[in-house]
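What follows is a short report on a single structure.
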Amino acid sequence: MNLIPSIPCAALAALVLSGPALAAEDRFSTEQLRSMSPAALRTLMQQTVAAQRLRATALPPVAQADGPDLTPPVLTRFEPLGTVNVAKAPSQIRVSFGATDDSSGLRNFFAYAVGPAGQIVYTYHDAGYPTQHYTAKATNYDLTAATYLAEGSYQFMYASITDTAGNTQVYDTATLASMANTTFTIKNNQGYDAIAPQLTAGRVLTPKVSLSQPKQGTSVPKFAGIELTVSDTAESKVSGLGAAEAVFCTLNGSNCISLTARREAVGAASTVVDAGFQVSPELVAGSYHLNTLSLFDHAGNQRVYRSSVFGGPDDLSAVFPASIIKLVP
């Protein structure tokens with residue numbers, strides 16, 4: 001089976017809207033898994049695979065029948081719905097799947113497909129009651145994003161299944177294709193958006209924030225804040241900015257804060273949005289510089305800026321000058 005051989009446990013900063021980096025051994029509730037961005041969930045699955053392989057090699061073989069569950073589940077069936085007209089709401093893209101697990105039972109299933117314009121469709125299913133033999137239908141994350149998909153053929157490139165013990169099996173493009181048909185067709189006569197939003201301007205609203213002094217008249221810790229002006233374009237139907245995350249770090253990269261914002265309204269070609277982060281006394285005081293900025297539109301397109309201050313390719317000084325937040329005791 002052609003599984004991904006090795007995956008580093010990298011931090012999720014600039015990939016997700018879920019706050020700090022996720023440890024591969026963390027256990028998340030169903031609500032937490034559903035609230036994660038697609039990129040966060042995929043990275044979490046990859047981290048879990050890497051961690052379980054380390055764990056399996058560190059432990060001796062278990063002879064007794066009631067030993068720990070170290071074996072991931074197996075995908076036995078994978079069948080995408082043939083054609084979906086996303087111009088008609090709700091635009092539900094479905095994958096029928098089956099899986100078996102030798103012990104603890106299936107917990108969740110995750111897969112994504114890529115279309116002719118490079119757009120990604122994410123599907124997910126959480127098992128309400130884990131069993132060793134499981135069949136269900138996984139559906140797409142975001143019904144709104146589906147209405148901005150380009151017409152044409154989409155192919156599933158990646159899938160993962162996880163059991164209750166946290167063991168995860170990852171399937172790459174070739175392995176999925178060897179099992180069954182992995183393509184489906186999107187129909188959409190309403191236009192599509194495959195272009196990621198772009199930063200027009202940014203500024204820090206709170207150049208200095210006290211970690212110990214609460215907001216005036218309250219006992220609530222203060223917020224660090226920034227203002228972002230973002231433009232969005234499309235081939236034929238603009239979706240507009242949906243979310244943003246700015247990660248500020250100390251220059252040595254050891255301490256970071258994540259300022260996030262969401263916008264519910266769709267279709268805006270230009271948006272001004274404030275992103276914030278509530279500080280706490282436990283944070284390390286110091287100067288935090290803009291490290292990465294991620295912009296997501298309602299069509300699911302993502303643009304990530306990686307600041308040259310931290311060795312990235314993007315010099316943001318012209319559009320985001322003085323991008324430093326100083327946290328003081």
Side-chain angles (χ1 to χ4, degrees), residues 9-24 26 28 32 35-37 39-40 43-44 47 197-231 241-264 271-296 302-329:
C9 294
L12 300 187
L15 288 178
V16 302
L17 296 176
S18 307
L22 305 175
D26 284 347
F28 297 92
Q32 288 173 316
S35 67
M36 287 184 187
S37 70
T43 306
L44 174 62
Q47 290 185 353
Q198 184 172 351
L199 178 68
T200 304
R203 68 186 182 99
V204 172
L205 300 174
T206 54
K208 183 183 295 186
V209 182
S210 172
L211 297 176
S212 58
Q213 183 180 356
K215 295 182 67 174
Q216 186 174 2
T218 74
S219 60
V220 177
K222 291 185 175 181
F223 280 77
I226 60 174
E227 179 188 87
L228 302 173
T229 303
V230 178
S231 63
L241 179 72
E245 180 193 40
V247 177
F248 285 72
C249 301
T250 53
L251 287 177
N252 62 8
S254 61
N255 299 284
C256 300
I257 59 174
S258 174
L259 287 72
T260 61
R262 295 182 183 273
R263 186 173 177 84
E264 301 298 329
T271 303
V272 178
V273 64
D274 293 341
F277 173 83
Q278 190 171 25
V279 303
S280 67
E282 292 76 24
L283 289 172
V284 176
S287 295
Y288 287 68
H289 301 250
L290 179 61
N291 186 345
T292 59
L293 174 64
S294 300
L295 304 175
F296 306 78
Q302 175 187 5
R303 188 184 304 275
V304 179
Y305 296 92
R306 294 178 173 84
S307 173
S308 57
V309 174
F310 290 87
D314 303 309
D315 181 359
L316 299 173
S317 59
V319 292
F320 203 142
S323 53
I324 302 173
I325 298 174
K326 187 173 183 179
L327 303 184
V328 297

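One-based numbering along the sequence shown. As the structure is a prediction and not an experimental result, all values here were calculated from the model. Values below: every heavy atom of this structure, side chains too, minus hydrogens, waters and symmetry copies.
- Judged purely by atom type and a 3.5 angstrom limit, Ser307 uses its side chain to pair as donor or acceptor with the backbone of Val309.
- Rounding to the nearest 0.5 Å gives a distance of 8.5 Å between OH of Tyr288 and SG of Cys249.
- The distance from atom CG of Leu259 to atom CD of Glu245, rounded to the nearest 0.5 Å, is 9.0 Å.
- Without hydrogens or angle criteria, Arg303 side chain to Pro197 main chain gives a donor-acceptor distance under 3.5 Å.
- A pairwise comparison of heavy atoms in Phe310 and Thr250 identifies CE2-O, 3.4 Å as the closest pair.
- Nearest approach of Leu295 to Gln198, heavy atoms of both residues: CD1-C, 3.8 Å.
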Worksheet item: Given Phe277 and Leu283, is the side chain to side chain contact (heavy atoms under 4.5 Å, CB included) satisfied, shown in steps?
Response: CA-CA 12 Å; Phe277 173 83; Leu283 289 172; 3.7 Å; yes
May I have the list of side-chain donor-acceptor pairs in residues 211-230 shorter than 3.5 Å, sequence neighbours left out?
unit_1: Thr218; atom_1: OG1; unit_2: Lys215; atom_2: O; d: 2.9
unit_1: Thr218; atom_1: OG1; unit_2: Val220; atom_2: N; d: 3.1
unit_1: Glu227; atom_1: OE1; unit_2: Arg203; atom_2: NE; d: 3.1

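- A donor-acceptor distance shorter than 3.5 angstrom exists from the side chain of Tyr305 to the backbone of Leu199, with no hydrogens or angles considered.
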Scan the side chains in residues 317-329 for donor-acceptor partners under 3.5 Å anywhere in the protein, sequence neighbours excluded, and list what turns up.
unit_1: Ser317; atom_1: OG; unit_2: Asp315; atom_2: OD1; d: 2.8

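- Asn255 and Asn252 get closest at one heavy-atom pair: N-OD1, 4.4 Å.
- The two residues Asp314 and Arg306 make their nearest non-hydrogen contact at OD2-N, 2.7 Å.
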